[in-house]
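Order of the sequence lines fixes the chain letters, A, B, ..., with proteins taken first and strands second; residue numbering starts at 1 for each chain.
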There are 2 protein chains.
Amino acid sequence: MIQKRAKAVTIKEIASHCDVSPSTVSLVLNGSQKIKKSTRDKVFKAAADLEYQPNEMARSLVSSRSRCLSVTVPALNHVFSDVYFGEIISGIYQEAQEAGYKILLDIAQESFIAEKEYLNILRNRRADGMLYIASTVEDRFLLEFEENHDPLLLVNHYFPGSSLNYLSVDYKQAARLCAEHLLKQGHRHIGLIVGTNTFTGLDFRDTFFKVCEQKGISKTSLPWTGCSDWDEQDGYTATRKLMSRHPELTAIMAGNDRMAIGAMRYLINKGLHVPKDVSVMGVDNIPSAKFTTPGLTTLKMDLFEVGRRSCKRLLEILNGRRTECRELLEPHVILRESTGPART
Amino acid sequence: MIQKRAKAVTIKEIASHCDVSPSTVSLVLNGSQKIKKSTRDKVFKAAADLEYQPNEMARSLVSSRSRCLSVTVPALNHVFSDVYFGEIISGIYQEAQEAGYKILLDIAQESFIAEKEYLNILRNRRADGMLYIASTVEDRFLLEFEENHDPLLLVNHYFPGSSLNYLSVDYKQAARLCAEHLLKQGHRHIGLIVGTNTFTGLDFRDTFFKVCEQKGISKTSLPWTGCSDWDEQDGYTATRKLMSRHPELTAIMAGNDRMAIGAMRYLINKGLHVPKDVSVMGVDNIPSAKFTTPGLTTLKMDLFEVGRRSCKRLLEILNGRRTECRELLEPHVILRESTGPART
DNA sequence: TAGAGAAATTCAAACGATTTAACAAGGCGC
DNA sequence: GCGCCTTGTTAAATCGTTTGAATTTCTCTA
């Protein structure tokens, strides 16, 4: 037994209240100037008095636009608890809200992919466009969007070789900044912990290596560990592995702040001092990076802005004011206490 | 100029492909057994071949149900970055997804309230029900839902004196457990940092005091500071205030983990040792509580479960299988290294 | 083989808006 | 007083489903 809801005020009721036709009411409510001022006022007043709310389902049906955007995130464990996604979603929300759009959440879990929900959400008109945050290298299904020219935008990621729209922080530049910072402090043995399930993660790793090698560091002095959860546990485990095999390391470079925090935790547990014994650097500048002990040196990516601008670009595409988007944002170094001169 | 989308396959096309009427197709697709098996097979096959996707807008319009739930959070700064909300939303998502519902996000910012968006989202049929996470004492507008008997459920909060549905962790019990833990360790001078903009926060404070007083601790040994952002900065600032006025404190009890982390950061900055000099205890057991230095003693609230079950209850109400919900979940102490015997 | 009854299918009216073409009324020139 | 243009308003079609009533088709019995 489904609960009945009080039936809502419709355009027809306003019409009969004002002794005009439903068409007139619709015209007025949509701001048409072709209707006489006195009639307009009458209609507006009645709409306000009756607390009229347009039925969005009906509007969407006839206009073929739901004024909703789908925001999809990868199926990580408790993904919405991750500040990384939270910051981006906050940015997306703000922009969407200002444009009168609603946000629909989705997680790219198994069934989402198997049942082609990623396509259906657009096909069944629940959403007008889709923002996919931080997809992974395995998400090849995204390529299906290419042929159909669906309104999709990859957020803080990209798909090499495809024509899919994206807006992302420049992870190559990020790697460059990190490498330069650590090298400047005299580090010559740096352990890298990096997510290997995203193209941006791989870019980061490769560029980091390239910059270090250009400065004369040999590959053997740059051991690395790949991981895919990007969380504190990953950082902890990876650091244990790196430090036990390479005790000569003087710095740990983590692909994000959460992993860096896990790394610090391991080092401190082992009685090592950060940064005197080992420096640790992260990426993202999540809010809590300021409150770790010691404070975490990291890269500010402005994820909120990434979200905000991604949403803006997608809306431009939806409105036909733009046909594609491939945009990169610049990161900046945030100096705190977790990095220092290499021990000698 | 609005982008045109390829027109979708409709029920009519399937009908003409199968030489049956649209009604038949609809009936088949909705699982009616009144249609002959051979016809059913024919329709299913055509639907699959044509990759038919029902237009959800049309379905919603005729059924008056959008199969969407609105999830609303308070207008805190970058609110989706807060693990507290993230955990709850993750839980809500899982339950909703399993029931075939979508999640619509909303933030209760100024315009949301001024324009009565909280009512409109239900009135205009964008959502069938609403989950409001952690409302504050100022959110008196929620009382409007009372008269209309709208399908609303307050998540991890409640509104004293109202008949609004809620599902929440038992914050009085939480306070009891925290107080007992600290008292057992010999603490007699405890500083309290607590959010004062929620009823659950006030409950926590008052119950904490009550339990302590029953054990013979005088109110003057229990200084407290109120705050409203519930973040690390709040905890940091509040601890500075408490410790400078009351250096005799041997423990800091924070209303959540983020504030506790801020508290620890302040104490360590000041050269104090946690827990030898001052113990710190939090509430929530957010994932990173395990990775702080030292690990944070806290209360496990199972926020994921709070979200999951809240969503479940709301769906039960929507389906008429339940008319109200006022449910409390039990918290549990998680022992880590940030609390220890009081210094003497 | 008619006729009743059951089974299968279809009709037609919603649902609540938007939008276009058509219509009514008033003003103006000639 | 007739045609023509303007201005304001409305009827009707449409969007893609669902659904109760009506209709057709089939099956079985007398």
Side-chain angles (χ1 to χ4, degrees), chain A residues 2 4-44 46-47 50-67 100 120 122-126 128, chain B residues 2 4-44 46-47 50-67 100 120 122-126 128:
Chain A
I2 303 296
K4 270 276 171 48
R5 297 194 42 72
K7 75 166 183 342
V9 179
T10 73
I11 219 172
K12 280 186 196 163
E13 277 151 76
I14 299 182
S16 66
H17 263 256
C18 300
D19 277 318
V20 294
S21 74
S23 326
T24 307
V25 177
S26 174
L27 257 8
V28 171
L29 263 25
N30 286 301
S32 164
Q33 294 299 322
K34 314 195 81 175
I35 307 292
K36 185 165 56 173
K37 180 82 166 51
S38 65
T39 314
R40 291 213 305 268
D41 293 345
K42 204 166 52 173
V43 170
F44 279 131
L50 298 172
E51 298 187 308
Y52 169 74
Q53 277 298 313
N55 182 315
E56 288 296 333
M57 298 304 125
R59 299 187 72 191
S60 299
L61 178 57
V62 56
S63 66
S64 290
R65 309 202 309 133
S66 58
R67 278 157 231 106
N120 297 344
L122 295 179
R123 300 272 177 283
N124 67 23
R125 315 297 323 134
R126 276 216 144 129
D128 295 338
Chain B
I2 302 296
K4 268 277 170 50
R5 296 195 43 71
K7 76 166 181 340
V9 179
T10 73
I11 220 172
K12 281 186 195 163
E13 276 152 75
I14 299 182
S16 65
H17 262 257
C18 301
D19 277 319
V20 295
S21 76
S23 324
T24 307
V25 177
S26 174
L27 256 8
V28 171
L29 264 25
N30 286 302
S32 165
Q33 295 299 321
K34 315 193 80 175
I35 306 293
K36 186 165 57 174
K37 179 86 167 46
S38 65
T39 316
R40 290 214 305 268
D41 293 345
K42 204 166 52 172
V43 170
F44 280 131
L50 298 173
E51 297 187 308
Y52 168 74
Q53 275 300 313
N55 182 316
E56 288 296 333
M57 298 304 125
R59 299 188 73 192
S60 299
L61 177 57
V62 55
S63 66
S64 292
R65 310 203 307 134
S66 59
R67 277 157 231 106
N120 296 345
L122 295 178
R123 300 273 177 282
N124 67 22
R125 313 299 321 136
R126 276 216 145 130
D128 295 340

What closest approach, in Å, do [X] and [Y] show between heavy atoms, and which atom pair accounts for it?
| X | Y | answer |
| --- | --- | --- |
| Leu50(B) | Val9(B) | O-CG2, 3.4 Å |
| Asn124(A) | Pro54(B) | CB-O, 3.1 Å |
| Lys42(A) | Cys18(A) | NZ-O, 3.3 Å |

Difference in axis direction between the ends of the helix from dT1(C)-dA30(D) to dC30(C)-dG1(D), five pairs, 10°: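 What I find for the helix from dT1(C)-dA30(D) to dC30(C)-dG1(D) is an axis angle of 70°.
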Contacts of type side chain to side chain contact (heavy atoms under 4.5 Å, CB included), residue Ser60(A), not counting sequence neighbours: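 Per chain and number, Ser60(A) pairs via side chain to side chain contact (heavy atoms under 4.5 Å, CB included) with Ser66(A), Arg67(A), Met57(B).
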Arg125(B) CZ to Asn55(A) CG distance, which is reported to the nearest 0.5 Å: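 Atom-to-atom, Arg125(B):CZ and Asn55(A):CG are 7.5 Å apart.
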Approximate separation, where rounding is to 0.5 Å, of Leu27(B) CG and Ile35(B) CD1: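 Here the interatomic distance stands at 4.5 Å.
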Pairs meeting criterion salt bridge (Lys or Arg N to Asp or Glu O under 4.0 Å) with involvement of residues 20-40 of chain A, two or more places apart: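 Non-adjacent pairs meeting salt bridge (Lys or Arg N to Asp or Glu O under 4.0 Å): Lys37(A)-Asp41(A).
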In chain order, what residues pass the side-chain hydrogen bond (donor to acceptor under 3.5 Å, both in side chains) check against [X], with sequence neighbours excluded?
| X | value |
| --- | --- |
| Asp19(B) | none |
| Ser23(A) | none |
| Ser32(A) | none |
| Ser16(A) | none |

When the distance from [atom1] of [X] to [atom2] of [N] is rounded to whole Å, what number comes out?
| X | N | atom1 | atom2 | value |
| --- | --- | --- | --- | --- |
| Met57(B) | dA14(C) | CE | C1' | 19 Å |
| Lys12(A) | dA17(C) | NZ | C1' | 10 Å |
| Asn124(B) | dC15(C) | CG | C1' | 15 Å |

Side chains of Tyr52(B) and Val25(B) in contact at under 4.5 Å (non-hydrogen atoms):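 SC-SC contact between Tyr52(B) and Val25(B) ruled out.
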Any residue of residues 34-44 of chain B with a heavy atom less than 4.0 Å from an atom of DNA chain C: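 Residues of residues 34-44 of chain B under 4.0 Å from DNA chain C: Lys34(B), Ile35(B), Lys36(B), Thr39(B).
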Leading and trailing nucleotides of DNA chain D with any atom under 4.0 Å from heavy atoms of chain A: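 The contacted stretch runs from dG8(D) to dG16(D).
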Residues in salt bridge (Lys or Arg N to Asp or Glu O under 4.0 Å) contact with Arg59(B), at least two apart in sequence or another chain: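 Partners of Arg59(B) under the salt bridge (Lys or Arg N to Asp or Glu O under 4.0 Å) test: Glu56(B).
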Detail all sub-3.5 Å separations between protein N/O atoms and N/O atoms belonging to nucleotides 18-27 of chain C.
residue: dT18(C); atom: OP1; partner: Asn30(A); partner atom: OD1; Å: 3.4
residue: dT18(C); atom: OP1; partner: Asn30(A); partner atom: ND2; Å: 3.3
residue: dT18(C); atom: OP1; partner: Arg59(A); partner atom: NE; Å: 3.3
residue: dT18(C); atom: OP2; partner: Ser26(A); partner atom: OG; Å: 2.6
residue: dT18(C); atom: OP2; partner: Asn30(A); partner atom: ND2; Å: 3.2

